[in-house]
Each structure stands twice: as C-alpha cells, then as structure tokens.
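So the structure is just underneath, and the comments pick up after that.
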Amino acid sequence: MRPRVLPRKEVLRMRGDQMPQGRAGKLRLDFNENTVGCSPAVRAALRKLSREQIAVYPEYEATRRRMAQYFGVSPAETILNNGVDDSLKLIFDCFVEPRASVFLVEPTFDMYRLYAALHGARVLTEQLDAQMCFPLDKVVRALRKLKPRIFLLANPNNPTGTLLGRRELRTILDAAPRTLVVVDEAYAEFSGVTVLPWIRRSPNLVVTRTFSKVAGLAGLRFGCLFANRHLIAEMRKAQPPFPVNTPALVAAEAAIRDAAYLRRTVAEVHRGKRVLEAALERLGVRFFPSGGNFLLADFGARAPALLRALAGQGILLRDRTRDFGRAGFIRITIGTRPQMRRLVRALEAQC
Ligand SMILES: Cc1ncc(COP(=O)(O)O)c(C=O)c1O
C-alpha cells in the first residue's frame with residue numbers, strides 16, 4: 001500500500017545514490033580513505049573500552065579540550081561531530097533557509113549539492129577551468145555581486161585535487177564579508193595548507209576537519225568543526241545532546257596521541273603519489289596536480305573498460321563521469337608505494 005504522507009518535495013526530488021558494497025579486502029582506491037588502516041594504538045584503545053563506558057551516554061568536554069589543543073584553537077571554538085558530512089548538516093540546519101543561496105565551484109564534493117537540495121537552497125556556481133584551476137577572479141566577482149549566504153570550498157578540492165594557497169583564500173574571505181565561508185579541510189594534512197588559525201580574525205569563517213582520511217577512522221565517523229566562538233555557541237544549540245558515540249571519541253583521542261603514525265601516513269602517501277605520477281607520465285595519461293591523497297586522471301575512451309578490468313582484479317577506482325559529463329575521468333586514491341606499484345602493473349597491462 002502506498003503511504004498517504006510523503007516526505008517534503010525536496011526529498012522526493014532527490015536521486016538517492018547507493019554506496020558500493022563489498023569493498024573490504026580489496027585494494028580500495030575509490031573513497032580516499034587510509035588504505036592501510038588506523039594506528040594500532042587506536043585498536044588498542046578501543047579494546048580497552050569497558051562495559052560501563054558503552055552503557056553510559058558519552059561526555060564530551062575532555063575530548064573537546066584535547067581536540068582543541070591538538071588543532072591549536074580553544075574548546076569554545078570547537079564542535080565535535082561525526083565528520084564533515086555531519087558538519088555540513090549542522091551548517092545547513094543553522095544557516096540555510098529555503099531559497100537562500102549556496103555558492104559552489106564545481107566539480108566539487110557531492111554532499112554540498114545534496115544538502116543544498118534538501119534545504120531548498122538556490123545553488124550558484126562557477127566552474128573550474130579545463131586544467132582544473134580555480135577561477136579566482138570570477139569567484140571574487142561573484143561573491144561581491146551575489147553575496148551568497150554560504151560559500152562551500154573544499155581545499156584541496158575533491159575530485160580534482162585543486163589546492164588554493166593562503167593568499168587566494170585571504171582574497172576570498174576579503175571579498176565575502178557577509179557570506180559564511182566554509183573551508184572543508186578534509187585533506188589538509190596532505191596539503192599542509194590550513195586556514196584554521198584565521199577563525200579568530202575572520203568571524204564568518206568555518207573550517208571542517210575529519211578523521212576519515214589520514215587518521216583512518218572513516219568507519220567510526222568522527223570530525224570537528226571550528227569557527228568563531230559566537231558562531232560555535234549558536235551552532236551547538238542545534239546539535240543533539242549526544243552527537244558522537246564513545247568509541248569514536250576514544251579512537252580519535254588515541255589517533256592524535258600517535259602523531260608519528262599520522263606523519264608517517266602523510267609521508268608515505270607523498271611517496272606513493274610520486275610512483276603513480278611517474279607511471280601515468282610514462283603511459284601518457286593526463287592527470288592533474290593534487291593537494292590530497294588522490295589524483296584525478298583522464299583515461300579518455302578506455303576508462304569504462306579499465307574500471308571493469310581493475311575491479312575484476314580487486315582494485316577499486318572511482319569513476320567521475322558524472323562530474324564532467326563524459327567518460328574518462330577517474331579518481332585514484334593514493335596508498336603506500338607497494339599498493340601503487342600493484343596498481344601501476346595493472347594499469348600497464350591495460351593501457
Ligand atoms: C572534500 C571532502 N569533504 C568531506 C568528505 C567526507 O568526510 P567525512 O568522512 O568526515 O564525512 C570527503 C570524503 O570523500 C571529501 O572528499
């Protein structure tokens with residue numbers, strides 16, 4: 001029987017993407033996760049969780065203090081949550097009324113459009129150019145003219161890897177005094193570029209961080225949102241009382257205590273990236289410079305067959321056809337050097 005009460009029209013219009021299943025045990029180069037896993041110290045901390053710790057509702061203040069200290073901000077400037085997707089939900093819940101304008105430079109992270117659609121926002125866009133470079137002048141002009149409610153910017157950008165430097169980010173903030181500028185720094189550990197210290201002098205800046213990427217906690221869902229303390233105080237009112245589960249808190253704390261593991265992961269990803277870049281150059285495959293733990297490459301007409309062949313060998317890559325309106329673009333997560341060599345052998349056999 002069909003229900004008589006239906007969800008809002010914004011929900012009915014949505015596409016409802018299914019995420020792929022059965023990825024465990026394969027070479028997962030499709031979702032920009034940590035391809036090795038979290039620090040062993042995280043697993044050790046999780047094993048020590050007591051029955052009582054699991055039975056009681058979580059407490060947040062100690063973890064908030066330690067996260068704030070780790071990221072060099074104050075607890076009053078910090079919100080703990082389930083990662084960037086959850087940060088985006090909070091941002092939209094707090095700032096985006098129906099018909100409010102949301103400005104994006106596309107292609108970018110899919111979730112920005114999903115939340116904009118869900119909130120009935122108007123999406124204003126500029127496009128990256130054919131080299132995947134950021135159109136700074138156009139963006140500045142649009143920010144000044146259109147004064148959008150929020151501007152969402154992934155830096156580095158997913159799926160292209162495009163990275164803006166501090167000077168460009170300053171220019172953007174200066175052009176948008178009445179816009180909430182959200183800088184999604186999901187991959188900042190790999191790029192080394194962050195505007196997190198600017199939350200004190202830029203009252204409309206929100207910075208999001210995640211433990212899904214370098215820290216290898218995607219399965220636990222943990223992240224932080226940082227902003228001016230007045231914004232944080234307001235946004236916390238819109239969070240549920242227990243937004244993060246206890247294992248995620250315990251794991252995230254153990255992850256930042258093992259900073260050496262995070263540093264080694266970043267260094268190995270940089271080495272793995274060089275292995276892959278050299279191979280793509282040899283094979284004559286066009287790719288774009290990336291600030292993240294992934295690369296976007298254009299395999300042209302061979303892309304669909306390549307994706308199928310590699311999937312058959314247990315190597316998962318991400319087809320980005322949807323972003324560009326034609327087949328060819330594949331996003332590849334960077335793993336360790338041995339993982340990249342395995343990928344390169346498979347690519348060489350196909351290309
Ligand atoms: C730019 C960007 N932001 C956020 C996320 C998701 O982060 P989280 O796992 O913390 O929700 C991703 C994941 O692919 C991403 O590419």
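When a ligand or atom number is given, it counts from 1 through the structure's own listing order. Note that these values count all heavy atoms, side chains included, but never hydrogens, waters or copies made by symmetry.
- Checked options Arg64, Arg200, Arg229; the residue passing with Glu77 is Arg200 (criterion: side chain to side chain donor-acceptor pair (under 3.5 Å)).
- Closer than 4.0 angstrom to ligand 1 by heavy atom are Gly83, Val84, Asp85, Phe109, Ala154, Asn158, Asp184, Ala186, Tyr187, Thr210, Ser212, Lys213, Arg221, sorted by chain and number.
- Under the 6.0 Å cut-off for aromatic ring centres, Phe294 and Phe190 do not qualify, their centroids lying 6.0 Å or more apart.
- Pairs passing the side chain to side chain donor-acceptor pair (under 3.5 Å) check and including a residue from residues 341-351, sequence neighbours excluded, read Arg282-Glu348.
- In this structure, Met19 belongs to a hydrophobic cluster whose other members, linked by side-chain heavy atoms under 4.5 Å apart, are Phe31.
- With side-chain heavy atoms closer than 4.5 Å counting as contact, directly or through intermediates, the hydrophobic cluster containing Met132 also holds Phe288, Leu296, Phe324, Phe329.
- When each of Thr208, Thr194, Thr210 is paired with Glu185, the side chain to side chain donor-acceptor pair (under 3.5 Å) condition holds for Thr194 and for no other.
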